[in-house]
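Just so we're clear, the structure is a prediction, and the values are computed from it rather than from any experiment.
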Amino acid sequence: MHCKPCKFEFVQPEESEFENPWKESFKTLYKGLHVRPGYLAKQEANPEQYKGRTIMFFETIEAAFSDSEVMKYPLVFIHKGIYCGEWLIIDTNVQLVGAAPGNVAEHVIIERTSESTIMFVEGAVQAYLGYITLKFCPDVTSSVPHHKHYCLEVAESCAPVVDHCIIRSSSVVGAAVCVSGVGADPVIRFCDVSDCENVGLYVTDYAQGTYEDNEISRNALAGVWVKNHANPIMRRNHIHHGRDVGIFTFENGQGYFEGNDIHNNRIAGFEVKAGANPTVVSCEIHHGQTGGIYVHENGRGQFLENKIHNNSFAGIWVTSNSDPTIRRNEIYDGHQGGVYIFGDGRGLIEYNNIYGNALAGIQIRTNSNPIVRHNKIHHGQHGGIYVHEKGQGLIEENEVYSNTLAGVWITTGSTPVLRRNRIHSGKQVGVYFYDNGHGTLEENDIFNHLYSGVQIRTGSNPLIKKNKIWGGQNGGVLVYNSGLGMLECNEIFDNAMAGVWIKTDSNPVLRRNKIHDGRDGGICIFNSGRGLLEENDIFRNAQAGVLISTQSHPTLRHNRIFDGMAAGVEITNNATATLEGNQIFNNKFGGLCLASGVAPVLKENKIFDNRNSVEKAVKSGQCLYKISSYTSFPMHDFYRCRTCNTTDRNAICVNCIKVCHAGHNVEFIRHDRFFCDCGAGTLNNSCSLQGEPTQDTDTLYDSAAPMESHTLMVN
């Protein structure tokens with residue numbers, strides 16, 4: 001049915017709005033000019049058979065077109081056949097429609113070997129071309145250059161409709177379809193631009209146009225080029241299996257791309273380069289043989305509500321001063337990372353759901369500085385966010401969770417700002433600073449990780465401020481292997497092991513933190529750890545508020561250490577410390593407990609109202625295991641029994657020596673932290689001061705060591 005100019009439809013009779021659809025269809029046929037080679041010869045040979053018919057027939061399309069120029073909306077039916085060598089430059093509102101049985105376009109073929117097969121120029125404001133195959137097959141032996149010749153060409157100041165056409169070009173240069181120039185504004189819909197040896201669709205030089213429901217596939221170069229301020233609208237196109245990029249916007253190309261299915265292209269599904277600024281909405285970009293979207297060399301663009309998945313490289317690459325907006329996309333199941341920003345890349349990356357990727361959900365490196373906010377980055381097979389090689393970035397209000405490796409890695413001179421993120425439920429560390437990783441970690445919730453909430457090592461020196469670090473299955477913060485850092489005004493609580501660990505020549509500053517309700521100690525410093533601990537509140541921890549061990553030498557100044565379930569401060573194993581102006585009170589085992597040979601520097605500390613349950617137990621004749629079980633380590637004199645053959649890993653409290661081992665050959669070892677193996681029932685003879693034996697375990701002199709991250713640097 002010919003409903004109106006530039007619109008033709010195949011309609012089943014029962015679905016037509018006309019009372020007699022056949023009549024209306026025949027009216028359309030009678031009004032048209034018909035191109036049907038050989039028909040006039042049949043008519044002249046047998047005039048009686050064709051008597052009374054007034055339909056106009058032509059041998060060539062050119063002849064019909066010339067005859068139609070005086071008509072307002074001429075309608076030309078092109079019947080079954082292969083039309084070669086026709087010179088078709090359309091500058092009127094002619095409507096060219098294929099007419100053949102079955103799949104119409106497959107049986108009506110227009111073909112040229114030189115110049116463009118069909119060209120629309122100024123004046124073709126409401127021209128129509130439909131249900132026809134166009135072919136451009138240049139002679140490879142010809143010396144005529146074809147880089148400006150196309151199968152279909154739409155020039156400036158025209159707006160034809162091209163509908164349900166099959167377009168093929170074997171030229172190895174140029175494009176199958178070229179739309180060029182100011183005012184070039186075609187509608188190209190339901191066309192098949194495939195198997196061409198060049199670019200499928202090329203829109204350039206301020207051209208526009210609407211391109212809908214087309215099949216663009218298996219082309220040797222890009223499926224679509226958009227260049228030089230061209231600004232097309234492309235909707236619901238299927239662009240796939242190209243031997244190059246799917247869509248390439250460059251040199252200030254624009255465009256609005258909505259609902260396209262772009263997949264299985266050899267290079268990126270969508271590439272943006274050199275000032276291009278497309279808008280890409282609700283597209284599916286997937287199964288690319290390299291990346292999904294590649295924005296580089298000052299590219300921009302808005303990528304909104306797309307599904308980007310199962311690409312061989314990163315879902316989105318941003319590099320070389322490019323600054324796209326990446327918003328509300330699903331980026332998942334990539335064979336490498338989710339979003340990769342490198343080489344001075346920027347960008348606004350917000351409200352995306354990034355998950356299930358083989359490498360980091362977001363990677364920032366080499367001086368890149370994006371804004372990353374309000375994203376969900378989760379269930380990755382690697383880490384959540386990886387910032388390295390002097391990467392930067394503002395990373396705020398994201399939820400990073402359930403990743404296989406660290407939630408966030410920061411390394412090699414990087415300085416991002418992480419603010420108000422929720423980083424949780426990871427299978428390793430929450431935030432991991434290593435190899436001179438720096439930056440600011442502020443007002444984040446970091447919780448429920450298998451390893452420490454935060455780890456700092458090897459020269460890293462971040463500012464960690466006003467965070468909540470809690471619920472870890474290991475420690476809260478671990479600073480080790482010459483780590484530094486300023487930890488200020490954080491709340492660190494309810495971790496399975498120490499709230500803060502400082503070890504192996506590390507030297508952080510902890511100031512005005514609240515470290516409380518830990519299921520182990522408050523702060524543990526050992527293996528030559530140092531640090532300045534100043535104005536912290538350390539309270540209600542299950543083990544020592546501060547444990548200092550093994551050649552460590554921190555400075556504690558103006559802290560309050562109170563309400564602990566063990567000692568306030570314990571110093572052991574050849575460690576020392578400087579304690580100045582601290583308040584240590586209401587701790588169960590005592591305020592300040594010093595092992596044999598320990599001589600800290602003490603100045604103006606207030607140690608008061610501690611419960612001193614160790615001394616009370618000794619005075620009352622109890623076994624110290626009564627107050628410690630095998631989970632705590634009260635500090636007092638401990639002994640070994642040569643008669644009972646105990647080793648250096650066993651300890652016996654003074655009351656058990658007096659009662660259970662009376663008359664034995666015993667030896668004083670030292671004043672230190674331990675639990676009593678006699679009371680624990682791990683020696684051959686049962687304890688006379690204790691009830692039933694408990695589990696067999698060696699005495700430990702330090703709290704259990706934290707898990708260090710073994711995150712692989714493979715991204």
Side-chain angles (χ1 to χ4, degrees), residues 308-311 313-316 326 329-341 349-365 370 372-388 391 393 395-411 414 416 418-435 437 439 441 444-457 460 462 464 467-478 495-496 706-715:
I308 303 161
H309 62 94
N310 294 100
N311 294 288
F313 294 171
I316 300 177
I326 300 168
N329 301 281
E330 298 265 336
I331 305 168
Y332 60 96
D333 291 347
H335 298 174
Q336 290 192 7
V339 180
Y340 180 27
I341 307 150
I349 302 163
E350 66 175 2
Y351 296 106
N352 301 285
N353 191 12
I354 304 171
Y355 60 94
N357 296 288
L359 298 181
I362 296 178
Q363 181 179 172
I364 304 167
R365 64 183 284 250
V372 179
R373 64 186 185 190
H374 302 295
N375 301 283
K376 289 187 175 182
I377 304 164
H378 60 100
H379 290 95
Q381 300 171 44
H382 201 263
I385 299 174
Y386 182 24
V387 189
H388 61 122
I395 301 168
E396 62 180 6
E397 298 186 56
N398 302 282
E399 186 168 10
V400 183
Y401 63 98
S402 298
N403 294 288
T404 301
L405 303 183
V408 180
W409 302 349
I410 301 168
T411 183
S414 298
L418 282 81
R419 188 176 289 131
R420 295 187 299 279
N421 301 282
R422 288 166 52 93
I423 304 167
H424 66 95
S425 307
K427 297 175 184 177
Q428 283 198 7
V429 181
V431 182
Y432 185 23
F433 297 90
Y434 66 99
D435 293 352
L441 190 63
N444 301 280
D445 273 329
I446 303 168
F447 60 96
N448 195 32
H449 291 92
L450 185 61
Y451 291 6
S452 302
V454 177
Q455 286 191 12
I456 306 168
R457 71 171 176 90
S460 296
I464 299 176
N467 301 281
K468 291 185 178 182
I469 303 169
W470 57 278
Q473 298 175 49
N474 200 266
V477 178
L478 169 60
N495 294 288
M707 292 186 188
E708 298 173 8
S709 176
H710 300 290
T711 298
L712 299 175
M713 291 177 282
V714 296
N715 207 0

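W409 has its side chain out of reach of Q428: every pair of non-hydrogen atoms, C-beta onward, lies at least 4.5 Å apart. With contacts defined as side-chain heavy-atom distances shorter than 4.5 Å, the pair K427/Y451 does not qualify. Contact of the V454 side chain with the N467 side chain is not registered, since no non-hydrogen atoms from C-beta on lie closer than 4.5 Å. For the pair I395 and V408, the minimum side-chain heavy-atom distance is 4.5 Å or more. The shortest distance between side-chain heavy atoms of R365 and Y386 does not fall below 4.5 Å. For the pair P462/L441, no side-chain contact is recorded, criterion being any heavy-atom separation below 4.5 Å from C-beta on.
Here the shortest heavy-atom pairing between F433 and S460 reads C-OG, 3.3 Å. I446 and G430 get closest at one heavy-atom pair: CG2-CA, 4.3 Å. For the residue pair K468 and D445, the shortest heavy atom distance occurs at CB-OD1, 3.2 Å. The two atoms that bring I331 and N357 nearest to each other are O-ND2, 3.4 Å, heavy atoms only. Pairing each heavy atom of I423 with each of G407, the nearest pair is CG2-CA, 4.3 Å. Listed here is the closest heavy atom pair of H335 and A358: O-CB, 3.2 Å.
Taking Y355 as the reference, E330 meet the side chain to side chain donor-acceptor pair (under 3.5 Å) condition, with sequence neighbours excluded. The side-chain contact (heavy atoms from CB on, under 4.5 Å) test applied to N375 returns I349, N352, V372, I377, N398, not counting sequence neighbours. Legend: residues meeting side-chain contact (heavy atoms from CB on, under 4.5 Å) with Q473, ordered by chain and number and at least two apart, are N448, L450. Partners of H374 according to the ring-ring contact (aromatic ring centres under 6.0 Å, His included) rule, which considers only residues two or more places apart in sequence or in another chain, are Y351. With sequence neighbours excluded, the residues that form a side chain to side chain donor-acceptor pair (under 3.5 Å) with R419 are E442. Residues satisfying the ring-ring contact (aromatic ring centres under 6.0 Å, His included) criterion with F447, sequence neighbours excluded, are H424, W470. Scored by the salt bridge (Lys or Arg N to Asp or Glu O under 4.0 Å) test, E350 finds R327, R373 as partners (sequence neighbours excluded). Residues passing the side-chain contact (heavy atoms from CB on, under 4.5 Å) test with N495, sequence neighbours excluded: I492.
Taking CG of N353 as the start and NZ of K376 as the end, the distance is 6.5 Å to the nearest 0.5 Å. Note that CD1 of I316 and CG of N329 are 5.5 Å apart. Values are rounded to the nearest 0.5 Å. To the nearest 0.5 Å, atoms CD (Q363) and CD1 (I385) are separated by 11.5 Å. H379 NE2 to S402 OG: the interatomic distance, rounded to the nearest 0.5 Å, is 4.0 Å.
A donor-acceptor pair shorter than 3.5 Å cannot be found between the side chains of D333 and N310.
In this structure, T411 contributes its side chain and H388 its backbone to no donor-acceptor pair below 3.5 Å. At least one donor-acceptor pair closer than 3.5 Å links the side chain of N444 to the backbone N or O of R420. For the pair T404 (side chain) and G380 (backbone), a donor-acceptor distance under 3.5 Å is present.
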